[in-house]
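The sequence lines fix the lettering, A, B, ..., with proteins before strands; numbering per chain opens at 1.
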Number of protein chains: 2
Amino acid sequence: MEKYREIGLKLTPQRLAILNYLDGNKEHPSAEDIYKAVSKKFPMMSFATVYNTLETLRQRGSLIELTIDPDKKRFDPNTKPHHHLICVKCKKIVDIYGDYKLPISNSDKEGFEIIGNHIEFYGICLKCKKGGGE
Amino acid sequence: MEKYREIGLKLTPQRLAILNYLDGNKEHPSAEDIYKAVSKKFPMMSFATVYNTLETLRQRGSLIELTIDPDKKRFDPNTKPHHHLICVKCKKIVDIYGDYKLPISNSDKEGFEIIGNHIEFYGICLKCKKGGGE
DNA sequence: CTCAATGCAAAGTGTTTGCACTGTA
DNA sequence: TACAGTGCAAACACTTTGCATTGAG
């Protein structure tokens, strides 16, 4: 795992397990998802370590904290600019890479200096549509 | 408060106070903000009532639950389609009404039936820029 | 008068923290 | 070896729930 060394973290087995789990992960997992998955290989893993590691990664910009789910934080290891498509029934989240032009009129800006944006598309996924919902 | 009658709720003083506080409110308050504000006039107001009322209003579509803040839910009495401009420093949230065309390619859709979208613009507000930040 | 709404307190989630111990660098 | 990282449990913040009481319709 050469790529991890360069971010300047101590490479503990726990962190490696978390990093491995997150690498390329497109499920936007919550802290609990991560804890559960990693616990399988490291049964003595603690929540504190998961949260500590996530916070460290977030500070280094290796991770994005999503505010998409009203009930808990979710984490996205994909730091490239992208948007999300969210199933309102099963809460599945899918990445979207479309490049959208989003000009804001100066009156709307109210003096803000814009530094980025994020679009949430809401919809119903194929599985929920077929399954009749819920 | 004629306008409230038509939504078919029992008009208790507590609900009226909450409805009055929310009416035209552009601050995207949290449940605690609402509780604090309304408690001034109704000191015996309970959190349960605030949450109950918010949930009832949400179910009737008279209110939108925002997932903008990672730490708590915020509520928006403005049910007209609109987007938000968020100051990353002071967390101030401003409404934006720009009409954005956001086509999604079929390959991106992955079978989803799109029913809506919401854009979050991130930036730094005038006050935070002048104040030198934080 | 009835049943929905309220108030209170307890319980439930998700997240954070204090502190002694451990293992990477 | 030093000190960042870990594990545990307690503490926190926000939200939900159970239940006896109240009051709007």
Side-chain angles (χ1 to χ4, degrees), chain A residues 1-22 28-60 62-76 91, chain B residues 1-2 4-22 28-60 62-75 91:
Chain A
M1 300 295 140
E2 288 304 321
K3 54 186 283 197
Y4 299 140
R5 186 144 292 132
E6 67 201 30
I7 60 181
L9 299 176
K10 277 197 181 178
L11 285 186
T12 66
Q14 295 89 335
R15 280 186 172 171
L16 269 179
I18 293 172
L19 287 165
N20 272 326
Y21 174 72
L22 288 176
H28 313 84
S30 65
E32 189 175 9
D33 294 332
I34 297 168
Y35 172 75
K36 279 184 182 164
V38 178
S39 290
K40 287 176 187 165
K41 296 189 177 174
F42 286 84
M44 65 284 296
M45 163 77 60
S46 88
F47 260 106
T49 298
V50 173
Y51 280 108
N52 283 342
T53 301
L54 289 173
E55 174 58 14
T56 302
L57 291 172
R58 195 189 59 75
Q59 280 177 12
R60 295 180 185 256
S62 310
L63 190 68
I64 292 167
E65 188 181 293
L66 300 179
T67 56
I68 278 178
D69 189 324
D71 295 325
K72 52 183 171 297
K73 291 173 186 172
R74 283 162 168 261
F75 299 88
D76 194 340
K91 305 290 158 97
Chain B
M1 298 295 141
E2 288 304 319
Y4 298 140
R5 186 144 292 132
E6 68 200 28
I7 61 181
L9 299 176
K10 276 197 184 178
L11 285 186
T12 65
Q14 294 87 337
R15 281 186 172 171
L16 269 178
I18 293 173
L19 287 165
N20 271 325
Y21 174 71
L22 289 176
H28 313 83
S30 66
E32 189 176 7
D33 294 332
I34 297 168
Y35 173 74
K36 279 183 182 164
V38 178
S39 290
K40 288 176 187 165
K41 296 189 178 176
F42 286 83
M44 66 283 297
M45 164 78 58
S46 88
F47 258 107
T49 298
V50 172
Y51 279 108
N52 283 341
T53 301
L54 289 172
E55 175 59 13
T56 302
L57 291 172
R58 196 189 59 74
Q59 281 177 13
R60 298 182 182 255
S62 310
L63 191 67
I64 292 166
E65 189 180 293
L66 300 178
T67 56
I68 278 178
D69 189 323
D71 295 324
K72 53 184 170 296
K73 293 173 183 171
R74 283 163 170 258
F75 299 88
K91 305 290 158 98

> With distance as the sole criterion, is a donor-acceptor pair present between the side chains of A:T49 and A:N52 under 3.5 Å?
Replying inline: no

> Taking all atoms of both residues into account, what is the closest heavy-atom pair of B:L9 and B:L57, and its distance?
Replying inline: CD1-CD2, 3.9 Å

With a 4.0 Å limit, can you tell me whether [X] has a side-chain N or O closer than that to the phosphate oxygens OP1/OP2 of [N]?
| X | N | value |
| --- | --- | --- |
| B:T12 | C:dT6 | yes |
| B:Q14 | C:dG7 | yes |
| A:K73 | C:dT16 | yes |

Would you mind reading off the distance between [X] atom [atom1] and [N] atom [atom2], rounded to a whole angstrom?
| X | N | atom1 | atom2 | value |
| --- | --- | --- | --- | --- |
| A:L57 | D:dG5 | CG | P | 11 Å |
| A:L54 | D:dT6 | CG | C1' | 15 Å |
| A:K10 | D:dA2 | NZ | P | 12 Å |
| A:K72 | C:dT16 | NZ | P | 15 Å |

> Which of residues 38-53 of chain A sit near DNA chain C, with a heavy atom under 4.0 Å from it?
Replying inline: A:A48, A:Y51

>> Strictly distance-based, threshold 3.5 Å: is any side-chain N or O of B:T67 a donor or acceptor partner for the main-chain N or O of A:D69?
In response: no

> From A:H28 NE2 over to A:L66 CG, what is the distance, rounded to the nearest 0.5 angstrom?
Replying inline: 6.0 Å

